[in-house]
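Reminder, nothing fancy here: chain letters follow the sequence lines and each chain counts from 1. In this text, all values refer to a predicted model and were calculated from it rather than measured experimentally.
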There are 2 protein chains.
Amino acid sequence: MSSDPLGFAPHDHTRCVQSALAEVVRLCAERGVQMTPVRRRTFEILLEEHTAMGAYDVLARLDAEGLGSKPPVAYRALGFLVDQGFAHRIERLNAFIACAHPGADHNPAFMICRTCGTVAEAAAGHGPLGASAALAGFQIEQTVIEAEGLCPLCQTPETAP
Amino acid sequence: MSSDPLGFAPHDHTRCVQSALAEVVRLCAERGVQMTPVRRRTFEILLEEHTAMGAYDVLARLDAEGLGSKPPVAYRALGFLVDQGFAHRIERLNAFIACAHPGADHNPAFMICRTCGTVAEAAAGHGPLGASAALAGFQIEQTVIEAEGLCPLCQTPETAP
DNA sequence: CGCTTCCTGTTATGTTATAACATACATAGT
DNA sequence: ACTATGTATGTTATAACATAACAGGAAGCG
């Protein structure tokens, strides 16, 4: 597993795994929070798969490595990563994915291919809700923006997986 | 139950229940699909509560009225309403809410108050994803746009429920 | 009538998520 | 060294959400 879609373009991501890991380790030190073995491995698993994974899929991997076999182990580690902004939860899929830009101040949006399941992260503000929210007096704290559709490869039957 | 928040402003919604029901009945006839008792009652329940409800909450109501007691009954009826655009699924809450504008061609966005649970529907295009998606060559079919925060009432502690 | 189609009833199970409690382990204060 | 504290982990049990699969019944149509 060294070549996989990021966004929707193939790339070698051995390097991005390394750099993302280094970055989150640095951020943890900076923030005074702990990057423990379970948390670290959970993050690595998400990075390696480079796609949205269910909590129980992550748990199966952790279990195979002797790092924990009960749901709370996975949910706690994933919760930590999400809280720190190192991973995101994809509501539509009830799944988690490593953040493409850990540490960056961003309110992410996602594009989910319904055919191949690839998930790409894009930048987004609070979206078109800003105006509506202001009008209604609603104070936005967080937004979920997820689009489902067809990625470039899956639009042409011949090239689809 | 005759006065409840719509959007975030109190209103009498006896009338909107009536008109929404009449509208969906008309649309069903127009589309050649059936508005059966279970479906109709499910829609009415969502309209009456006028808030996001879990499938099992809806099921409990249906059961109390002798319309079905097993999960598939509720999920089928809710699925029908969502398919027809008469209700929406709120991914963040794993819940369902009656559509504020049945029949209208709209891609809805939602504002969810984390304190009182009120959900307001707002219009949205495909949001800020349009540009990113076009750039990536991603073909959007459907979007989920959900904001969580504080509604006007819950921003001032004295008036909060 | 025999056929199809659509809706409903039911069983059983699968999937996702968390509450609650117990234990371990590091570090700081005395 | 001792104990208090905070943080992380281990474990049990269960809650909450969702669907596969099959059986039966009512309506429409040749």
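Using a 4.0 Å heavy-atom distance criterion, A:Leu93 is classed as making no nucleic acid contact.
For B:Ile90 and D:dC17, the CD1 to P distance is 14 Å, given to the nearest whole Å. We find that CG of A:Leu59 is positioned 17 Å from P of C:dG14, with the value rounded to whole Å. In this structure, B:Phe80 places its CZ atom 14 Å from C1' of C:dT8, rounding to the nearest Å. Distance CG (A:Leu67) to P (D:dT11): 12 Å, rounded to an integer number of Å. In this structure, A:Asp83 atom CG and D:dT7 atom P are separated by 14 Å, rounded to whole Å. Rounded to whole Å, the distance from NZ on A:Lys70 to P on C:dT23 is 14 Å. We find that CE of B:Met53 is positioned 15 Å from C1' of D:dA16, with the value rounded to whole Å. Computed from coordinates, the B:Asp63 CG to C:dG9 P distance equals 11 Å when rounded to whole Å.
When the nucleotides D:dT7, C:dC7, C:dA19 are ranked by their closest atom to the side chain of B:Gln34, C:dC7 comes out on top. Closest approach to the A:Thr36 side chain among D:dT19, D:dT12, D:dT9 is made by D:dT9 (side chain taken as heavy atoms from C-beta onward). Distance from the side chain of A:Arg39 is smallest to D:dT9 among D:dA18, C:dT10, D:dT9.
The base of C:dA17 is paired with the side chain of A:Tyr56 by a donor and an acceptor separated by under 3.5 Å.
Map B:Ala55 and A:Ser69 each onto its nearest nucleotide of DNA chain D; the residue landing nearer the 5' end is A:Ser69. With DNA chain C read from its 5' end, the first of the two nearest nucleotides for B:Gly68 and A:Pro71 is the one closest to B:Gly68.
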Given B:Arg61 and B:Glu44, is the salt bridge (Lys or Arg N to Asp or Glu O under 4.0 Å) satisfied, shown in steps? CA-CA 11 Å; B:Arg61 295 279 303 265; B:Glu44 286 174 353; over 6 Å; no
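Remark: the B:Gln142 side chain and the A:Arg92 side chain contain an N/O donor-acceptor pair separated by less than 3.5 Å.
For B:Tyr75 and D:dA18, the shortest distance from a side-chain N or O to OP1 or OP2 is below 4.0 Å. Side-chain N/O atoms of A:Asn94 include one lying less than 4.0 angstrom from OP1 or OP2 on C:dA17. Put simply, A:Arg89 has a side-chain N or O that comes within less than 4.0 Å of OP1 or OP2 on C:dA17. At C:dC7, none of the side-chain N or O atoms of B:Arg76 fall inside 4.0 Å of OP1 or OP2 (strictly under the cut-off).
Hydrophobic clustering (ILVMFWY, side-chain heavy atoms < 4.5 Å, transitive): B:Val58 and B:Leu81 are in one cluster.
For A:His88 and A:Phe110, the gap between ring centers is short of 6.0 Å.
The main-chain N or O of B:Val144 is never found under 3.5 Å from a side-chain atom of A:Glu146 such that the two would form a donor-acceptor pair.
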